[in-house]
2 protein chains.
Amino acid sequence: MKSQSTEDYLKAIYQLQEMQNGEPVSTSTLASWLGVANASVTGMVKRFSSADPKLVEYEPYTGFVLTDAGEKIALEVIRHHRLIECYLSQALGYSWDEVHEEAERLEHVISEAMEDRMAQALGNPISDPHGDPIPDREGNLHQLNVIPLTQLAVEQPGTIRRVIGQEPDLLRYLAEQGLVLSAHIKVISKAPFNGPISIRIVNSSETILALGREVAEKILIQPSSNTR
Amino acid sequence: MKSQSTEDYLKAIYQLQEMQNGEPVSTSTLASWLGVANASVTGMVKRFSSADPKLVEYEPYTGFVLTDAGEKIALEVIRHHRLIECYLSQALGYSWDEVHEEAERLEHVISEAMEDRMAQALGNPISDPHGDPIPDREGNLHQLNVIPLTQLAVEQPGTIRRVIGQEPDLLRYLAEQGLVLSAHIKVISKAPFNGPISIRIVNSSETILALGREVAEKILIQPSSNTR
DNA sequence: CAAAATTATTAGCCTGACCTAAATCTTATT
DNA sequence: AATAAGATTTAGGTCAGGCTAATAATTTTG
Ligand SMILES: [Mn+2]
Ligand SMILES: [Mn+2]
Ligand SMILES: [Mn+2]
Ligand SMILES: [Mn+2]
């Protein structure tokens, strides 16, 4: 098994690549994501690119991308992470703002046997408590058909399917407002000049919530047919 | 949190001290227990004894014992380990020969919150799947009233309460023979010259099992009043 | 397009946790 | 009491994963 640091680096590179549509990741992006010095990233990435098998393709001053071998490890760690999040939430009563931190350490130490047992106990879930997809044993991810709340048209109803990011404060705030997975919402209005987006939770209180764009960008919605 | 190595060293010292009735542990004993070189132990123990707070009392060429601070950490790790063993066995269907290896890594990464949730889910167990006592949050251990099977008198019935050691092969073998926790047994005979001990499982088959002294030494029995 | 600002790499250092080989201390044996 | 055997420590080295400070490359900007 790779070290905890190696696994966290590869996972982070995978996630940054994903956020950047496959673009090479830069040293400083990864460094600030992981909270280490730039020089530490350069050092690690150089080692990854001369490991056998090579884990990243590294072009100095340009950036790096995962090789197939590196991606495989990243996906294994992500599978662990998200299964653990599910398990903690379902079996041990964790709330969605608590699971991430615990999973961040557990992901590196569980055996394949434990992974399998948890998956089985959970009925092979395909997404975690935040709606993030769980790779299967072969590393395949299902694709959700979602758009950011910022892009949902006014009056267009939709369902919350995923929340990007793990900040506990934000997750707790959203849950308090009733903005949880599977909640049905409708955009009432979008203030101009990047102003807040006002939404209503369908079949619930009539209260209207105003969300900043930053937050709305992180809420992914599956649009549903317009029920007038 | 201390490093995984530090936690494993302190736990090992605790367990060796326990096995030696509080005698100082020697460098080579700990080295072979942990599977590292003697020089590695000397190095680690020196660091422990000059840490703040001091974790071991170290007398060169003589040995070392845990300080209160060191023992506190050891007991925390042991609590983690044994709770995890229980949890894996109860909640995820692990058998008693599988739990140890998994717990050996998980013990270092679970949060206090997870410890509490597992303990609660299990109803605050006081012993693990091998009958090893689980320290409570303050580090208190309950004491079992048991003797090794080798010391049980012929015809004296008793109950298996604990099995010392974690070798999966031995544990599997014992389970196959019906020698599990709570099994009622009776010694039929003890062969002389350190020969095997023959026992019978009460209320079960009439089969007589012959156990070597090495094995019998590891099976701890709570004697019961002689029925008959 | 040259200078300034930004970003990345290199150089050099540190700590934890290991190792082997050499030196030293302790204990047992003659 | 001297020596041999055994246990332990010291010396010196490696490797991963971090750091800071100095240097070099790239990008932005006046
Ligand atoms: Mn992690
Ligand atoms: Mn998640
Ligand atoms: Mn361990
Ligand atoms: Mn145990």
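Because only heavy atoms are used, hydrogens play no part in the values below, and waters and symmetry mates are left out as well, while side chains stay in. To find a chain, count down the sequence lines: A is the first, B the second, and so on, and within it residues start at 1.
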Outermost nucleotides of DNA chain D that come under 4.0 Å of a non-hydrogen atom of chain B = D:dT8 to D:dT10

List in numerical order all residues of residues 13-22 of chain A for which some heavy atom is under 4.0 Å away from an atom belonging to DNA chain C.
-> none

Does A:Glu112 have any side chain to side chain donor-acceptor pair (under 3.5 Å) partners at least two apart in sequence or in another chain, and if so, which?
-> A:His80

May I ask you to verify if any side-chain N or O of A:Ser28 is less than 4.0 angstrom from the OP1 or OP2 atom of C:dA8?
-> yes

Would you please name every residue forming a salt bridge (Lys or Arg N to Asp or Glu O under 4.0 Å) with B:Glu115, sequence neighbours left out?
-> B:Arg79

Distance test, side-chain N/O of B:Lys2 to OP1/OP2 of C:dG16, below 4.0 Å | no

Which ring-ring contact (aromatic ring centres under 6.0 Å, His included) pairs, counting each pair once, include a residue from residues 85-126 of chain B, with sequence neighbours left out?
-> B:His81-B:His100

For B:Ser95, check side chain to side chain donor-acceptor pair (under 3.5 Å) against everything at least two apart and list the hits.
-> B:Asp97, B:Glu98

List for me each residue that meets side chain to side chain donor-acceptor pair (under 3.5 Å) alongside B:Ser26, sequence neighbours excluded, and say none if there are none.
-> B:Thr29

Salt-bridge contact A:Glu176-A:Arg172 (side-chain N to carboxylate O under 4.0 Å) = no

Going by atom type alone, with no hydrogens or angles, which donor-acceptor pairs under 3.5 Å involve a side-chain atom of residues 44-54 of chain A and a protein atom two or more places apart or on another chain?
from    : atom 1 : to      : atom 2 : distance (Å)
A:Ser49 : OG     : A:Lys46 : O      : 3.2
A:Ser50 : OG     : A:Lys46 : O      : 3.1
A:Lys54 : NZ     : A:Glu57 : OE2    : 3.1

Nucleotide by nucleotide, 5' to 3', does protein get under 4.0 Å of the base (B), only the sugar-phosphate (S), or neither (-) in nucleotides 17-29 of chain C, counting heavy atoms?
-> SSBB----SS---

With sequence neighbours left out, write down each residue that passes salt bridge (Lys or Arg N to Asp or Glu O under 4.0 Å) with B:Glu167, or none if nothing qualifies.
-> B:Lys218

With heavy atoms under 4.0 Å as the rule, sort B:Thr42 into base, sugar-phosphate or nothing.
-> base

N/O donor to acceptor pairs below 3.5 angstrom from side-chain atoms of residues 139-150 of chain B, sequence neighbours left out:
from     : atom 1 : to       : atom 2 : distance (Å)
B:Asn140 : ND2    : B:Asp136 : OD1    : 3.4
B:Asn140 : ND2    : B:Asp136 : OD2    : 3.1
B:His142 : NE2    : B:Ile126 : O      : 3.0
B:Thr150 : OG1    : B:Glu217 : OE1    : 3.4

Would you give me the side-chain donor-acceptor pairs under 3.5 Å for residues 9-19 of chain A, sequence neighbours excluded?
from    : atom 1 : to       : atom 2 : distance (Å)
A:Lys11 : NZ     : A:Glu104 : OE1    : 3.1
A:Lys11 : NZ     : A:Glu104 : OE2    : 2.8
A:Lys11 : NZ     : A:Glu107 : OE1    : 3.0
A:Lys11 : NZ     : A:Glu107 : OE2    : 3.0
A:Gln17 : OE1    : A:Leu66  : N      : 2.8

